[in-house]
S.K.: 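Dropping a structure here in structure tokens format, bear with me for questions.
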Amino acid sequence: MTAPTLTPTVHLLGDRPARSDEVLTPEALDFVARLDAAFAGRRAALLAERRHRAALLAGGGALDLVPATSAVRADRSWRVAAPAPGLADRRIEITGPPTRRGADRALASGAPVWVADFADGVAPAWGRVVEGQAHVLASPLTVLVRPRGWHLTEKHLMVAGRPAAAALVDAGLHLFHRARAGRGSGAGAGPYFCLPQVENHLEARLWNDVFTFAEDRLGLPYGTVRASAPVETIGAAFEMEEILYELRARSAGLATDSRRYLASVVRAFPHRPDFLLPDRAKITMTVPFLRAYTELLVRTCHRRGAHAIGGPAAQVPGADAAAHEAVLARVRLDKEREAEDGFDGSRVAHPDLVPVCRTAFDTVLAGRPHQLERTREDVHVTAAGLLSVPRSSGRPTEAGVRAALGVALRCADSWLRGGTSVVRHGLVEDAATAETARCQVWQWLRHDVISPAAVLRLLAEEAAALTEEQPGARAEEARHAVARTVLGAEPPGAFGPDFAAAPRARGRARA
């Protein structure tokens, strides 16, 4: 592959972090700049479309199947491509931050697939991003890189005088270096991706075009790049087939992930008191609207020859034997349910859960690498089923509010300090769970289930506890940032560059 000339409009700002000489080569930066120049305009247009759709729903609009794509759903003939090297057997995947510790834990876990999470598993500090690329490239596992979301930009890399799209920085660096290393055409794996927060088929089409662009310029055969698309928003749940169709030559299937899915329910229907969510601990994957979502995902994937991957188990085994066994028993039941429902594999966040997950799927698969032949024709999910949230509603308890604020606060503190996910009450909590926690508190405030005074009191108590338990914590800064987002007029979004902006007045405008 001939190295292109460095584009003069690419500029790096700030200090060069560790591993820069390996990752931020002139040729790699040129490739990222070309990606950004080619797709930044479409990215901006699709972000505007997200805002437009959100406004329509918040104004009382209906959510249903897309009429314009009915032909895609009706055509029974199309299928996704056969699995690529390293992706034929998806029984167990481990997800974690792209750090040295994360890479070592993934390798030692025995899981053949590592989801290296740049989007939620680690704060987007520039040094973390650069070092993470080096750790991913060195891993002998099949790696699915989860880049940052479309909403973020990378202020340290300027293209034509503006910050590059963070998603294209993360994806572009991985695409370039994996292709350079010769992994794309060998017996190994890659470049493969786990796409964050794809909200509709147009966003899947954008990713597919990014991969086509990359294959063409990096000399990779068509279809080398593969991508799994977790269905993390309620809008995407109505476009599962269309998302598979847009990625069909590069699809690595769909996956469930309730962490951001719950936050999307709040943001889609902020005006609906009947969509009130209870404490997160009470929202299991068997509640009606989540049950409809998971069953539809399996049916959709297997109908099109795609893998269906279950949601990540976030539990951390306990320190004593009894607590350890209790955690393993809960995870075992959850993974057995997924396997019996037809999923082809699932994900965990802790290495000790890998054997439990593998056993659950081995028992059902009985030597097969998947169960794509189970097309689940018995499943008939309607729009009403996907929206059956009122049947799962309930009022939060003070303990549930405190738990949500505690998660949001500690994840915000870690994010502000450039850290990774945190462990809270036996669960791995990251930016995705913190987003759901903040959205739930916002929803409870919006519908007068709890008072602003109670939220601020509980948040202050949690900040004081964090200061005691974590030397060096930025508890006050995190407290103000969480308060600003949950007391705002609009539902909280994902952590972004302005997350720690100066807090506004404590008063709350009632809609």
Side-chain angles (χ1 to χ4, degrees), residues 89-96 102 105-115 117 121 141 144 194 228 230-231 253-259 261-262 279-288 290-295 297-298 301-302 307-372 374 376 379 392 403 421 423-430 432-433 436:
D89 187 341
R90 305 282 296 283
R91 283 174 293 176
I92 178 64
E93 300 176 353
I94 188 166
T95 181
R105 282 162 63 95
L107 182 60
S109 71
V113 178
W114 173 33
V115 180
D117 192 356
L141 299 173
L144 297 175
C194 176
S228 173
V231 178
L254 304 178
T256 62
D257 195 332
S258 66
R259 299 173 303 170
Y261 195 81
L262 296 175
D279 296 348
R280 193 182 68 163
K282 298 178 181 177
I283 309 174
T284 68
M285 296 304 292
T286 60
V287 299
L290 292 181
R291 183 69 175 159
Y293 151 68
T294 57
E295 290 199 312
L297 188 140
V298 172
C301 284
H302 288 187
H307 284 113
I309 307 300
Q315 292 87 345
V316 176
D320 62 84
H324 184 85
E325 286 304 315
V327 168
L328 296 187
R330 288 197 298 273
V331 174
R332 185 178 301 113
L333 285 174
D334 187 51
K335 298 309 172 188
E336 287 174 349
R337 173 189 55 77
E338 288 181 334
E340 290 165 1
D341 281 350
F343 282 94
D344 304 293
S346 196
R347 291 165 287 163
V348 300
H350 194 280
D352 287 355
L353 302 181
V354 168
V356 177
C357 185
R358 177 180 286 115
T359 298
F361 279 89
D362 283 350
T363 300
V364 172
L365 295 178
R368 297 168 295 161
H370 53 71
Q371 47 184 333
L372 294 177
R374 286 191 63 194
R376 292 303 309 269
V379 170
S392 312
S421 54
V423 175
R424 177 74 172 160
H425 296 321
L427 294 173
V428 177
E429 308 282 16
D430 59 14
T433 51
T436 289

S.K.: Can Leu427 and Val316 be said to form a side-chain contact (heavy atoms from CB on, under 4.5 Å), step by step?
M.R.: CA-CA 6 Å; Leu427 294 173; Val316 176; over 6 Å; no

S.K.: Do you know which two heavy atoms are closest between Pro317 and Leu353, and how far apart they sit?
M.R.: CG-CD2, 4.2 Å

S.K.: Looking at Asp279 and Ala281, would you say the former's side chain and the latter's main chain have a donor-acceptor pair under 3.5 Å?
M.R.: no

S.K.: Rounded to the nearest 0.5 Å, what separation is found between the CG atom of Leu333 and the OG1 atom of Thr286?
M.R.: 11.5 Å

S.K.: Checking Tyr293 side chain against Val231 main chain: does a donor-acceptor pair fall under 3.5 Å?
M.R.: yes

S.K.: Using a 3.5 Å distance criterion without hydrogens, assess whether the side chain of Thr436 forms a donor-acceptor pair with backbone atoms of Thr433.
M.R.: no

S.K.: With a 4.0 Å cut-off, would you call Glu429 and Arg280 a salt bridge?
M.R.: yes

S.K.: Is it true that a side-chain atom of Gln371 and a backbone atom of Ala339 form a donor plus acceptor pair closer than 3.5 Å?
M.R.: yes

S.K.: Output yes when Glu336 and Arg332 qualify as a salt bridge under the 4.0 Å nitrogen-oxygen rule, no when they do not.
M.R.: no

S.K.: May I ask you to test the Leu107-Leu141 pair for a side-chain heavy-atom distance under 4.5 Å?
M.R.: yes

S.K.: Taking all heavy atoms of Val348 and all of Cys357, pick out the closest pair and write down the distance.
M.R.: CG1-CB, 4.0 Å

S.K.: Thr256 side chain to Thr294 main-chain N or O, any donor-acceptor pair under 3.5 Å?
M.R.: no

S.K.: Got a second to check how far Ile94's CD1 is from Ser346's OG, nearest 0.5 Å?
M.R.: 12.0 Å

S.K.: Given side chains that start at C-beta, do those of Pro312 and Arg259 come closer than 4.5 Å, heavy atoms only?
M.R.: yes

S.K.: Going by an N to O cut-off under 4.0 Å, is there a salt bridge joining Asp341 and Arg291?
M.R.: yes

S.K.: Can you sort out the partners of Pro369 under side chain to side chain contact (heavy atoms under 4.5 Å, CB included), two or more places apart, ordered by chain and number?
M.R.: Asp89

S.K.: Can you tell me which residue pairs pass the ring-ring contact (aromatic ring centres under 6.0 Å, His included) test with a partner in residues 341-372, sequence neighbours excluded?
M.R.: His307-His370

S.K.: Using side-chain heavy atoms (C-beta onward) and a distance below 4.5 Å, is Arg358 in contact with Pro112?
M.R.: yes

S.K.: Determine whether His324 and Asp320 make a side-chain contact, defined as any pair of heavy atoms from C-beta on separated by less than 4.5 Å.
M.R.: no

S.K.: Where do Leu144 and Val113 land on the side-chain contact (heavy atoms from CB on, under 4.5 Å) test, with the steps shown first?
M.R.: CA-CA 7 Å; Leu144 297 175; Val113 178; 4.2 Å; yes

S.K.: Do Leu262 and Ile283 have side-chain heavy atoms sitting under 4.5 Å apart?
M.R.: yes

S.K.: Please find the pair of heavy atoms, one from Asp430 and one from Ser421, that lie closest to each other, and give the distance.
M.R.: CB-CB, 3.9 Å

S.K.: How would you list, by chain and number, every residue that makes a side-chain hydrogen bond (donor to acceptor under 3.5 Å, both in side chains) with Ser258, sequence neighbours excluded?
M.R.: none

S.K.: Output the distance between atom CD (Glu325) and atom CZ (Arg330), rounded to the nearest 0.5 Å.
M.R.: 11.5 Å

S.K.: Looking at Arg337 and Glu340, is any side-chain nitrogen of the basic one under 4.0 Å from a carboxylate oxygen of the acidic one?
M.R.: no

S.K.: Measure across Lys282 and Val287 and return the closest heavy-atom pair with its distance rounded to 0.1 Å.
M.R.: O-CG1, 4.2 Å

S.K.: To the closest 0.5 Å, what do you measure between OG (Ser228) and CZ (Arg347)?
M.R.: 7.0 Å

S.K.: Is the shortest side-chain N to carboxylate O distance from Asp362 to Arg91 below 4.0 Å?
M.R.: yes

S.K.: Between the side chain of Thr363 and the main-chain N/O of Thr359, is any donor-acceptor distance below 3.5 Å?
M.R.: yes

S.K.: Could you tell me whether the side chains of Asp344 and His302 share a donor-acceptor contact shorter than 3.5 Å?
M.R.: yes

S.K.: Rounded to the nearest 0.5 Å, what's the gap from CG on Asp334 to OG1 on Thr284? Could you check?
M.R.: 9.0 Å

S.K.: Within the structure provided, determine whether Leu254 and Pro230 are in side-chain contact (heavy-atom separation under 4.5 Å).
M.R.: no

